[in-house]
Amino acid sequence: MKATGIVRRIDDLGRVVIPKEIRRTMRIREGDPLEIFTDKDGELIFKKYSPIGELADFAAQICESLRRSADSIAAVCDRDTVIAISGGARKELLEKAVSPQLAEIMDGRSVYRQMTGGSTLPVSAADERYCLSVAAPILAEGDVLGCVFFVTPRGSAPAGEVECKLAQAAALFLGRQMEG
């Protein structure tokens, strides 16, 4: 574990302030849920909680169904990382941080569709060989939990209307699962 050299005291209500630098680096926003763990050495561990991450196996099955239906690379991410992918680019994208552009699409809460000759947005900042073709945010009880998206290699033709509708339907379905 990386030491930061920052010390914080617990207040009379048991609260600890996580320094702004750490929140920015770890992309922790106000209202984000955190899991708290302890280990045998007495360490406290705060971990970002991903409700959609709890459905990783289910998301993988949805990605496989989307891939078969559209014959394209399909993926699901939570707010921070790609949690499921099917149809290729698995090694390059699975468990990688999402790009700032994909995070912006999720924050915008609207469906993204790449247009012919339009700009290409990377899926992950770590690997810009793959671009977003379609992205549909997963919403549950008004909160953005993640995104269902189709991926194309840079320079490939954008996805069509079918992929757009499939991504929207899968995102709606996952959102409803999270609400239930």
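The model shown is predicted, which means the values in this text are computed figures rather than measured ones.
Pairing each heavy atom of A125 with each of P100, the nearest pair is CB-CD, 4.4 Å. Scanning all heavy atoms of the two residues, the minimum distance from E21 to I6 falls at OE1-CD1, 3.9 Å. Smallest separation of non-hydrogen atoms from I83 and A59: CD1-CB, 4.3 Å. What you find for A97 and S124 is that their closest heavy atoms are O-OG, 2.9 Å. Nearest approach of V82 to L93, heavy atoms of both residues: CB-O, 3.3 Å. Smallest separation of non-hydrogen atoms from A56 and A84: O-CB, 4.2 Å.
In this structure, S133 and F149 have side chains that are not in contact, with every pair of non-hydrogen atoms separated by 4.5 Å or more. Looking only at side-chain heavy atoms (C-beta outward), L139 and V144 come within less than 4.5 Å of each other. Residues D78 and L145 have side chains not in contact (no heavy-atom distance under 4.5 Å, counting atoms from C-beta outward). With a 4.5 Å cut-off on side-chain heavy atoms, Y112 and L121 count as touching. R67 places none of its side-chain heavy atoms less than 4.5 Å from the side chain of S72. The closest side-chain heavy-atom distance from V98 to V123 is not below 4.5 Å. Counting heavy atoms from C-beta on, the side chains of R113 and V134 come closer than 4.5 Å. Side-chain contact between Q168 and V148 is absent, with no heavy-atom pair separated by less than 4.5 Å.
Within the 3.5 Å criterion, the main-chain N or O of A74 finds no donor-acceptor partner in the side chain of S86.
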Using the ring pair (Phe, Tyr, Trp, His ring centres under 6.0 Å) rule, take F173 and F58 through it: C-alpha gap first, then chi angles, then the decisive distance, then the call.
CA-CA 11 Å; F173 181 74; F58 187 58; 5.8 Å; yes
For the pair K91 and D127, evaluate salt bridge (Lys or Arg N to Asp or Glu O under 4.0 Å) and give the outcome as yes or no after the intermediate values.
CA-CA 11 Å; K91 185 175 74 173; D127 191 324; over 6 Å; no
Verify side-chain contact (heavy atoms from CB on, under 4.5 Å) between R79 and D143, making sure each step is shown before the conclusion.
CA-CA 11 Å; R79 296 286 308 245; D143 294 328; over 6 Å; no
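For the atom pair OG of S156 and CD1 of I73, the computed distance is 8.5 Å after rounding to the nearest 0.5 Å. Rounding to the nearest 0.5 Å gives a distance of 14.0 Å between CD1 of I28 and NZ of K20. In this structure, D71 CG and F150 CZ are separated by 10.5 Å, a value rounded to the nearest 0.5 Å. Taken from CD1 in I85 to CZ in R90, the straight-line distance is 8.0 Å, to the nearest 0.5 Å. Distance check, rounded to the nearest 0.5 Å: SG of C147 to CZ of R109 gives 12.5 Å. Between E141 atom CD and R176 atom CZ the span is 11.0 Å, to the nearest 0.5 Å.
The hydrophobic clustering, which links ILVMFWY residues whose side-chain heavy atoms are closer than 4.5 Å, places L132 and L94 together. Residue L34 is grouped with residue L44 when hydrophobic side chains (ILVMFWY) are merged at heavy-atom distances under 4.5 angstrom, including chains of intermediate members.
At most 12 heavy atoms of other shown residues, nucleotides or ligands fall within 6.0 angstrom of atom CZ in R9. R68 CZ: 12 or fewer foreign heavy atoms inside a 6.0 Å radius.
Under the 4.0 Å criterion applied to side-chain N and carboxylate O atoms, E92 and K96 are not assigned as salt-bridge partners.
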